[in-house]
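Below you'll find the structure, written out as structure tokens, and then a few comments.
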Amino acid sequence: VITIPVELATRGYDVVVGPGAAKGLAGVVAERVPTAQQVAIVTQQPLAGQPWFAALDPGLPFALHTVPEGEVAKSTATVEALCRAFAASGLSRGDVVVAVGGGLVTDVAGFAAAVYHRGIPYCNVATTLLAQVDAAIGGKTGVNLPEGKNLVGAFWQPAAVLCDTDVLATLPPREWACGRGEIAKYALLGDPGLVAQPLEEQVAQCARMKAAVVAADEREGGTRAVLNYGHTLGHALEAASMGTGDLRHGEAVAVGLVFAAVLARRLGRIGDERVALHRQVVAALDLRADLPEGVDHERLLGFMARDKKAGHDLTFVLDGPDGVQPVHGVGPSDVLGALEELSCA
Ligand SMILES: NC(=O)c1ccc[n+]([C@@H]2O[C@H](COP(=O)([O-])OP(=O)(O)OC[C@H]3O[C@@H](n4cnc5c(N)ncnc54)[C@H](O)[C@@H]3O)[C@@H](O)[C@H]2O)c1
């Protein structure tokens, strides 16, 4: 296994990546939360039935709590239900929550841990590729409101993150694609050679990059914004295809990455070579870069203008001579032009 430290002043922790990494759970709990006498495992029903789940051992007595599937489960109601179940099982301040699942479980269990008793320790056992390369690392926890995604949350760092690549054996193909979208992002942010590496190294390299960005900007004041690379159009595509299930997050991000390159070229920030590299990386990860058929460009522009990361003008994270950076005040005509280029490619 590969151990990657997330270096934060008082809350640093390790991300452990590799086959069998989850076997270290009992050791991690004992070392990082020595006060714990019991564990609240938060997961989802289908996961509790997987063969690898039975082998998980937190080394202490534990209660199992399940949350439903899908984004609707990322709600304040789920957090209340979890906190009430924690209280009913006598979970105290010195005890620990262990989230076992994808980004949905780590977001909601992490947020419940952040607010229960005003904050108790938690560890993430990340079981999707997306959670292993991104969501489980960095301490952004939260839930959705009917008014929007991730509107309620907290920065609450885990005590440890275990990314066991063996558990990915049961992951459905669409979920793999979702994680590959984020791998494409990290490849383009720093290391395009990543796409040719074995899985364990890909996960470890993404975790290293996420750890470095989080260490530099724990609360998303500045540089952490580069992690939104490809996400402005990605979110708009997800919003436009809402409910149809046509496009998963990572698939939308892949399109968003190539769009961002095309837009950066229109703005004179990069040349053809970089655009070609974006297309190569996305294709090497077996992802598509074309806009879904029939999607209305003006509607996408509307969604992008509302993107919370955009503030009030159109802001994109774009490649350029000094690397990938937020660029403010992008003109709507350039955005529409780039969408047109993408549909004609
Ligand atoms: N906090 C962050 O920094 C951050 C970053 C990116 C995304 N997110 C959040 O992550 C969430 C998406 O996470 P996700 O893509 O991991 O989806 P998910 O957690 O909903 O998991 C997707 C599906 O895969 C199943 N699954 C998980 N692990 C499995 C395994 N090993 N074998 C078989 N099935 C398995 C789950 O039960 C679920 O049905 C979103 O809510 C998003 O907002 C958070």
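Atoms within a ligand are numbered from 1 in the order they appear, just like the ligands themselves.
Around atom 10 (O) of ligand 1, the closest heavy atom drawn from Ala131, Gly103, Gly181 belongs to Gly103. Closest heavy-atom approach to atom 39 (O) of ligand 1 among the candidates Gln45, Gln50, Glu69: Glu69. If you check each of Lys210, Glu175, Lys140 against atom 1 (N) of ligand 1, the one with the closest non-hydrogen atom is Lys140.
Ranking protein heavy atoms by distance to atom 33 (C) of ligand 1, first place goes to Thr170 O, 3.0 Å. Thr128 CG2, 3.7 Å is the protein heavy atom nearest to atom 21 (O) of ligand 1. Of the protein's non-hydrogen atoms, the one nearest atom 9 (C) of ligand 1 is Asp107 OD2, 3.4 Å. For atom 20 (O) of ligand 1, the nearest non-hydrogen atom of the protein is Leu104 CB, 3.6 Å. Looking at atom 40 (C) of ligand 1, its nearest protein heavy atom turns out to be Glu71 OE2, 3.1 Å. If you check which protein heavy atom lies closest to atom 8 (N) of ligand 1, you get Ala135 CB, 3.7 Å. Atom 28 (N) of ligand 1 has as its closest protein heavy atom Thr127 OG1, 2.7 Å.
For the ligand labelled ligand 1, residue Glu182 lies outside the 4.0 Å heavy-atom shell.
Taking the ring centroids of Phe86 and His65, they lie under the 6.0 Å cut-off.
When non-hydrogen atoms are compared, ligand 1 lies under 4.0 Å from the side chain of Leu47 (C-beta onward) but not from its backbone. Looking at His249 against ligand 1, nothing comes within 4.0 Å, counting heavy atoms. The residue Thr141 has no part lying near ligand 1, judged by heavy-atom distances below 4.0 Å. Within the 4.0 Å heavy-atom criterion, the part of Leu130 lying near ligand 1 is the side chain and not the backbone. At a heavy-atom cutoff of 4.0 Å, ligand 1 is contacted by the side chain of Pro172 but not by its backbone.
Of the polar atoms of Val167, at least one N or O is found under 3.5 Å from an N or O of ligand 1, judged by distance alone. Checked by distance only, ligand 1 and Asp134 stay at 3.5 Å or farther apart across all their nitrogen or oxygen atoms.
How far CD of Gln50 is from CG of Leu56: 11.5 Å, rounded to the nearest 0.5 Å.
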Please lay out, stage by stage, how Asn144 and Glu71 fare under the test side-chain hydrogen bond (donor to acceptor under 3.5 Å, both in side chains).
CA-CA 8 Å; Asn144 305 327; Glu71 279 294 309; 2.7 Å; yes
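Heavy atoms from other residues, nucleotides or ligands lying under 6.0 Å from CZ of Phe62 number 12 at most.
The two residues Trp156 and Ile120 have their closest heavy-atom pair at NE1-O, 3.0 Å.
Looking at Gln45 and Glu69, their side chains never bring a donor and an acceptor atom within 3.5 Å of each other.
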